Amino acid sequence: IDIGFRASMPLLELKLIPKQEQLAEQFDPIESTMVQLSRGIESHFSDMIVGRDDESMQGILVNLLTQENKKLTTAESCTGGLIASRIAQVPGASSVFEAGFVTYANSIKEKILGVPQSILENEGAVSEACVRAMATGALAQSGADYVIAVSGIAGPSGGSQEKPVGTVWIAWGSTESIQSVKMVYKAPRKIFQSFIAAAGMDLIRRQLLGIKKSAHYLKHFS
């Protein structure tokens, strides 16, 4: 069995490929070896594994929400609706996703999500207080059970010494508890948005699965 790798954004693929000449003669032994290797990989990578075959991050998330009979909402600034767009790509997503909010301007954050003007003036849109207020507001407006909120500086301009390009705050959680984290992910705008969208969905995935271990990428970019 050959092991192959495919690096892409936002996921990395690990492939187990049976050698054709052996597959034709020894199907059962090869299948048994594949199962053993798969279990070993799952044991080693544990919470880093998102899915199998052609499963996508958004597909996994929709399935988990469906199983729990829960709904998700989003409040996006720097990703411009990318998270909502990816979730809406999944057939049947309407049963778990009824509303998402793209609040790019500060005035809209205040008007639609109820972010206090004092937070926007004193701490700015890219701050923990702002993204948590966005999350709380989105939950209140939508009536959803879970939320992903993001606010950051996608670049290539707009950064400062205190908040360089790539700075982003992500808030996620439920009506009972909101968590938040700051990351600095310096990458071209499109890649930045793709990574942050994936990270937001992954953080909710981990919560739904009850994974307590901190996501490994947070150690590198927080």
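Since the structure is predicted, the reported quantities are computational estimates derived from the model, not experimental observations. We number each residue from 1, following the sequence as shown.
- The heavy-atom pair separating S127 from G124 by the smallest distance is OG-O, 2.8 Å.
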task = Could you check V165 against F192 for side-chain contact (heavy atoms from CB on, under 4.5 Å), going step by step and ending with a plain yes or no?
result = CA-CA 10 Å; V165 169; F192 169 88; over 6 Å; no
inquiry  = Working note: I41 + I49, criterion side-chain contact (heavy atoms from CB on, under 4.5 Å); need CA distance, chi angles, decisive distance, verdict.
reply    = CA-CA 9 Å; I41 289 169; I49 297 176; 4.2 Å; yes
query = Where do M183 and I170 land on the side-chain contact (heavy atoms from CB on, under 4.5 Å) test, with the steps shown first?
reply = CA-CA 8 Å; M183 292 198 295; I170 303 178; 3.6 Å; yes
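- Around atom CG of N69, no more than 12 heavy atoms belonging to other residues, nucleotides or ligands sit under 6.0 Å away.
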request  = Decide salt bridge (Lys or Arg N to Asp or Glu O under 4.0 Å) for R52 and E42; before the verdict, give the C-alpha distance in whole Å, the side-chain angles of both, and the deciding distance to 0.1 Å.
outcome  = CA-CA 11 Å; R52 289 171 170 264; E42 289 172 355; 2.3 Å; yes
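- Residues in residues 158-174 take part in these side-chain hydrogen bond (donor to acceptor under 3.5 Å, both in side chains) pairs, two or more places apart or across chains: S174-E176.
- Side chains of V168 and Y185 form no contact here, defined as non-hydrogen atoms less than 4.5 Å apart.
- With hydrophobic clusters built from ILVMFWY side chains whose heavy atoms lie under 4.5 angstrom apart, L218 shares a cluster with M9.
- Note: I87 CD1 to I148 CD1 = 5.0 Å, rounded to the nearest 0.5 Å.
- Partners of S94 under the side chain to side chain contact (heavy atoms under 4.5 Å, CB included) rule, at least two apart in sequence or in another chain, do not exist in this structure.
- The local environment of CD in Q117 is sparse, with at most 12 non-hydrogen atoms from other residues, nucleotides or ligands closer than 6.0 Å.
- A distance of 11.5 Å separates CG in L64 from CG in L72, rounded to the nearest 0.5 Å.
- Minimum heavy-atom separation, T66 to V62: OG1-O, 2.7 Å.
- Counting all heavy atoms, side chain and backbone alike, S8 lies closest to L11 at OG-O, 2.6 Å.
- Under the 4.5 Å side-chain heavy-atom criterion for grouping Ile, Leu, Val, Met, Phe, Trp and Tyr, V102 is not connected to Y146 through any hydrophobic cluster.
- Taking hydrophobic clusters as Ile, Leu, Val, Met, Phe, Trp and Tyr residues chained together by side-chain heavy-atom distances below 4.5 Å, I204 shares a cluster with F97.
- Using modelled atom types, one side-chain atom of S142 and one backbone atom of A138 make a donor-acceptor pair closer than 3.5 Å.
- Between R132 and S151, the side chains place no donor N or O within less than 3.5 Å of an acceptor N or O (distance only, hydrogens not considered).
- Counting heavy atoms from C-beta on, the side chains of I3 and L16 come closer than 4.5 Å.
- The line from SG of C130 to CD of E123 is 9.0 Å long, rounded to the nearest 0.5 Å.
- Side chains of E110 and S107: no donor on one and acceptor on the other come within 3.5 Å.
- Rounded to the nearest 0.5 Å, atoms NZ (K219) and NE2 (H216) are 9.0 Å apart.
- Close placement of the F221 and F195 rings is indicated, their centers lying within 6.0 Å of each other.
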Derivation of the side-chain contact (heavy atoms from CB on, under 4.5 Å) call for Q179 and Q207 = CA-CA 10 Å; Q179 302 179 67; Q207 181 169 345; 4.0 Å; yes
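- Closest heavy-atom contact between S180 and E128: OG-OE2, 2.7 Å.
- A distance-only check finds a donor-acceptor pair linking the side chain of E76 to the backbone of I83 [under 3.5 Å].
- To the nearest 0.5 Å, atom OG1 of residue T73 and atom NZ of residue K71 are 11.5 Å apart.
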ask   = Are T74 and R86 close enough, and set up right, to give a side-chain hydrogen bond (donor to acceptor under 3.5 Å, both in side chains), and what steps lead you there?
value = CA-CA 11 Å; T74 57; R86 289 188 173 175; over 6 Å; no
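- Minimum heavy-atom separation, A75 to L113: CB-CD1, 3.8 Å.
- In the hydrophobic clustering of this structure, I60 groups with I211; members are Ile, Leu, Val, Met, Phe, Trp, Tyr whose side-chain heavy atoms approach within less than 4.5 Å, directly or through other members.
- Hydrophobic cluster of V147: the remaining members, joined at side-chain heavy-atom separations below 4.5 Å, are L139, I178, listed by chain and number.
- Considering CE of M134 and OG of S77, their distance stands at 5.5 Å, rounded to 0.5 Å.
- Side chain of N63 to backbone of G59: a donor-acceptor contact under 3.5 angstrom is found.
- In this structure, Q58 contributes its side chain and Q89 its backbone to no donor-acceptor pair below 3.5 Å.
- Nearest approach of A154 to R189, heavy atoms of both residues: CB-NH1, 3.6 Å.
- Residues L12 and V50 do not share a hydrophobic cluster, defined by chaining ILVMFWY side chains whose heavy atoms lie under 4.5 Å apart.
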